[in-house]
Each structure stands twice: as structure tokens, then as C-alpha cells.
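In what follows, a single structure is set out as C-alpha cells and then discussed.
For reference, positions follow the sequence shown, starting with 1. These figures come from a predicted structure and were not determined experimentally.
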Amino acid sequence: MKKTDTTPFDWRPFLLRWSGEWSDSLPGDETLDEEDETARRDRWLGFPPASEERIAAMEERLGRRMPPSYREFLEVSDGWRHAGNFIWLLAGTTDVRRHDNESGLADLFEEYLDDDAGPDERRNADIWRRGLQLDVESDITHVLLDPEDVDEDGEWAVYTWASWRAEAPERHANFAEFMRAMYREFHMLHARPANGEPEFANGTTRELDALMEQARLEALRGDGERARQALDEAKEYGRPRAAGLGDQIRRLLGQTHMVHFEDMVCDPRYAPEVLPVLVMDHVVQPHRDDSALQYHLHGAGEDVVALARATLEQVRGGTYRYTAAGPFGEAVERARELARWGDTDGAWRTLRDALPVWQPLGPDHLAPLGWVADPLLGTLLTPERGRELLSTPRGGQAGEAPAPTAGLDPEGLAWLADPGPGHDLTSYRFVLVEDVEPQDLPGRLADGDEAVLGDPMTSDEARRRLLGGQREFSSYDDKALMAVGRAGTRWSFAFDGDPAHFHPQRFVSPAAAAAGAGTRAVVVWSGLRNRRGAPFFHLSVAQDGAEQYAFTYADGELRRTGEIPGALDPDRFFGSREGATGTERSLLEAVTAEFGVRLPRHALMGGRLHTFTTRSWTRPPADGEGYAVVGFG
């Protein structure tokens, strides 16, 4: 087993502090039984120390020498009252005994064992037969010392279990760790006194609150990890503010489980910043009822509740838009514009560079957070970028700026040939147009009502919306759903990552239509790793409304027109033995070098972009060519 800290635990000051804080937490007019009244008066929850003879007699009775930390505890107090809030009396030398499945819980846990059960699952059943029981009086809470779970120092693990708390017993490394946990539980349940109870303030709470204030300043100076550790410790004691402060750090690191921002979400100062994130994390959970969100708003004023309703509608509809005050807010708008056209790396740099001028909404606000729920900006967050944000001094605090994280987008086009996490594009097509803004592409590649950009959305959302509204499908019509954005300096792109079947005899390149006066257009359609037919590749380049050159590789043959530059000559790429992926990569690298273009992988694969539907990429059927049209009422 893992070796624990060998430093002896100083039991007496710890137990004295606990006893005094317990006494002070009781209302003065509360009626107690005789033993508790004595404990309150004496400020001592324990008993007289156990002599060595009593300890030795216990060990002889049980046939085992007790673990060091439990022995040392008994030498200070032979038992303990109110260990946490659900164990009213903890065993001393005369009360500790073998449990021997007295509770019948071994049988209960064994019912769930199967042939594949691991050591932890078997332990959950066996502990009830071999463990020593320490709970004497409790609220159906069991405490067992496990003589078989022993570390190198001779310490035994302690297991606690209550049917209403957890499915499996909770493990503590040793008795001292168990008692520390019970002390934290005592603090947790007294941290917010009910009406009539005295203020829960003592040396421990003052130390923790000072620790939190130091952590708050450290977080703003860029030491987010140290701040998180301090806040997590304060949270274990139930200190108000600790969870709300720490949840901001956890959420920026990509954690969503049990992140609720506690009191902050109900505070009108902070709700506009943290509420959208809480709502977004709620919305993405399938089948979650809105009552779960309302639970976290318990105690909120009507203004915050109204804001929550409006935010829920915006997040569900994809219309939520993060705003911030001052220079940082101006940077947010610039970042959104960059992300809107696919430059997510540039958008992140814009936000990051503006962090030093960001100002909190109040003393408990550690970092800008609402942008995580923005449909365009939220896709910028990664755990690495979250750490970079948290490591950047802000809110008027000074500190050393961290090294920038690497961008998410590779240069050029060659990444299209490399399957990776979240994408494996075996067929795709795109149009690149020079000296044309992305919003102008529909006017060159579409007609009528289709020559407009849709709202930014993911490729899956855009395709579902398109197919959901389509009532007629034709076997000769090939209108492409394209995402648009910037393809580098002076170039814009329209990209389709899930094209229809390639028909080389009927294919019509949109390059000439895309290339107006004074502009060039490049069309690429690749299916060299095509899974739905023979491999193919097409490249066409047009200028001033006319195609300049093109080639198509399909059915094992090459067709070409015009004077193709040597760098793009298809004879350089086809007929080699480097395989489809190698050929595809070489072709994409050649197009990158020839035109100085790139496509944003992160935005195309996981971001949100404007989309539109092009005119058909195939010609109408000629005389004698059959086709089918399927309609839905």
C-alpha cells in the first residue's frame, strides 16, 4: 500500500480546537442532554486518556495491535463525541469490536458481485466481515477499521458508509485522516448558521477566510493553480465564497461536473457573467429537466430569475452573445469577428492580449467567463488555453505573463489528408476566391434566395437544418452546403466536408462563376481516399470569369485542359507509388505553395461558421439520360 505521511499527528491541540468550536456553535438557549451539556461547559468532546493497560487489554481482546494513529488518539481521549454531524459517539477501548457482518451489508454488497468483480468491489463486501466497528451511536452511519488494508507504517484504512450518502464505502487512509474529514464535515454543516444560531466564526474560519483572500489575489496575479488548491481546501470546510471562486477556475480548465458557482450565480453583480455558463452546461445535458437549473437559483431575486429565463432561451436558440465593458469588451467584439470567419487562433490571441486590461465585476470575480457560452467564442476554449488565461495577470494585478499556447490550426491545406481526432475527411470540396470577402461568396456561387448566409452554426447543425426543410431530392441536382470564411491573406473559402457522389461526366466546376473581374478562383474536389467509389481528384483555376486550366483524375485516367503550371502538373502526382494519402498530401501542399492559402481546421471541424447553399455542381441531364426526383409532402 502507499506510504503515508510519517509525521506524528498532534492530537491534543487538534481535539481541543474542535471541542471549543463545537461549544461555540451551539445556541445559548439550546437544551442539551447531561453529557453534551458537560462537554459544552468543559469545552471538551472527548474522554480521559486511555492508559497503556486499557489499550493493551483491548488489543488482547481483539487479537491485533491497533494502528498507530488510532493508538495515539486513545492516549489523548478514550473515545469521542460528535465526530462530524452523523456519528454521535465514536468507540474507545471498551467499545471497539468486530463487526462480523452485524449489519448484513456484506450480503447486500455481495449480491452485486459477478465473476468480473475487481478487488475494490470485493473489498466493499468483505469489509463488513473483517472490519472493526468504531461507531457506537450514529445516524445509520458505519465506521470500520480495516485490518487487511494496511500501509507500510502499519496504518489501517478507515471506511465509512451511510445508505443515504454513497453507493460504496468511502475510504480514508488512516484514523487521523478520518478524523480530519469529520472535522471538515463539522465545519461544512455549520458554515452557514440557521436562524437563531450564533455566527460560526472562530480561529479556523478566520484562517481559511484569510487563505481565500490570498488565493483570490494570487488568482488575479496569474497563479491559478496555487489559488485553486487553497480554494479547494476552504471548500472542504464549507467556507462561503470558496466554491464560487474555485468553480471559475475549474470551469476555465474545462471541468463541468459539480460546477455551479454557488452564491455567485444568484448575485446580480456576477449573474451576467456566470449564469450563461451554468445555463449552457445545463442545456448540453440530454433529457435534463429545467428544474435542475432552478434548484441552483434558489434564493435568487426576481431580476436574476428573469435573466436566467432569457439566457436559457438565448443559449438554446444559439443567439446568446457575450459582452463586456471597456477595452476588454472591444477586444471581445474583434475576437468574435475573427472567429466568425474561421480565424479562431487569431480570435484567441485577441482575447489573450486584452486580458491585462480586463476588470472584474466585483471582488469575487476572478476571470472573464461568460464568453465560454458564446456560440462563436466558446469553441476557442481548451484546457491549455484555460491554463494560459488563468496564468495571465489581470484585474489590475501585476505578474509575469505566461508563454503563449500553440495555435490549433496548422498552416496550409495538407491537414485535410491527415485523419485526426474529430475528423477523417475522405471526400471534400472547396472553392477559394481571391480579393473577395467571405460574405460576398454567395453572390458568386448561388442564385436567388439561396445567395444569403445563414447564421453561424456547426456543420452538423447546418446539415440538419437544410435536410429538415428540404422536400424534394433529385439524382442530378448537386447543390453544396458550404461553410465560408477567410483562407489567409486576400483569400476567402467555401468548404463542403460531406459532398455528394462525384460524376466526372456531368461535373461543372464553379471556378469560372466564382472568379469575377480582377479575381482568381481555385476549386478542389478530392476523393482519393473515397469510401463510396473509385478514387478521384479535381483541380480547376479560373480568372476574370474564365477557366484558365484544370485537370481531373478519375477512373484511373487523367483529363486536363489549359496550360497547367509545372508545380501543379498532375503527372508529378499520379502514377507514383506513394499511395492515396501521400498523393493527396503532395497535391494539397502544391496548391498551398502556388496560391498561399490555408483552411482553418478548428473552425471547420468543431467551430461555427456561416453557411449557404450553392447552385448545382452538375449539369442538367442531357437527352436520354435518366434521373429520379423524390418528393415529400
Nearest 0.5 angstrom please: [X] [atom1] to [Y] [atom2], how far?
| X | Y | atom1 | atom2 | value |
| --- | --- | --- | --- | --- |
| L599 | W491 | CG | CH2 | 11.5 Å |
| L293 | L278 | CG | CG | 5.5 Å |
| L481 | R463 | CG | CZ | 5.0 Å |
| T256 | Q285 | OG1 | CD | 6.5 Å |
| R385 | R349 | CZ | CZ | 8.5 Å |
| H282 | T311 | NE2 | OG1 | 12.5 Å |

Pairing donors with acceptors under 3.5 angstrom, does anything connect the side chains of [X] and [Y]?
| X | Y | answer |
| --- | --- | --- |
| T405 | E388 | yes |
| Q229 | E225 | yes |
| S291 | D289 | yes |

For the residue pair [X] and [Y], what are the closest heavy atoms and their distance?
| X | Y | value |
| --- | --- | --- |
| L297 | A308 | CD1-CB, 3.5 Å |
| V259 | R251 | CG1-CB, 4.1 Å |
| L609 | G342 | CD2-N, 3.5 Å |
| A480 | D496 | CB-OD2, 3.8 Å |
| L351 | F328 | O-CE1, 3.8 Å |
| V524 | F537 | CG1-CZ, 3.8 Å |

Using a 4.5 Å cut-off on heavy atoms from C-beta on, say whether the side chain of [Y] contacts that of [X].
| X | Y | value |
| --- | --- | --- |
| T592 | E411 | no |
| H503 | H501 | yes |
| H365 | W358 | yes |
| V523 | P510 | yes |
| F574 | T583 | yes |
| L539 | L568 | yes |
| W617 | P499 | no |

Below 4.0 angstrom, N of the basic side chain to O of the carboxylate: do [X] and [Y] qualify?
| X | Y | answer |
| --- | --- | --- |
| R334 | D353 | no |
| R321 | E333 | yes |
| D409 | R601 | no |
| R221 | E218 | no |
| E437 | R486 | yes |
| R560 | D569 | yes |
| D232 | K235 | no |
| E313 | R309 | no |
| R506 | D478 | no |

Would you find a donor on one side and an acceptor on the other, under 3.5 Å apart, between the side chain of [X] and the backbone of [Y]?
| X | Y | result |
| --- | --- | --- |
| H602 | T379 | yes |
| R228 | G246 | no |
| R336 | Y322 | yes |
| Q314 | T319 | no |
| S492 | V436 | yes |
| N530 | S427 | no |
| Q248 | D364 | yes |
| Y320 | A373 | no |

Just one of F430, W415, Y428 clears the side-chain contact (heavy atoms from CB on, under 4.5 Å) bar with L604, so which one?
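Only one of F430, W415, Y428 forms a side-chain contact (heavy atoms from CB on, under 4.5 Å) with L604, namely W415.
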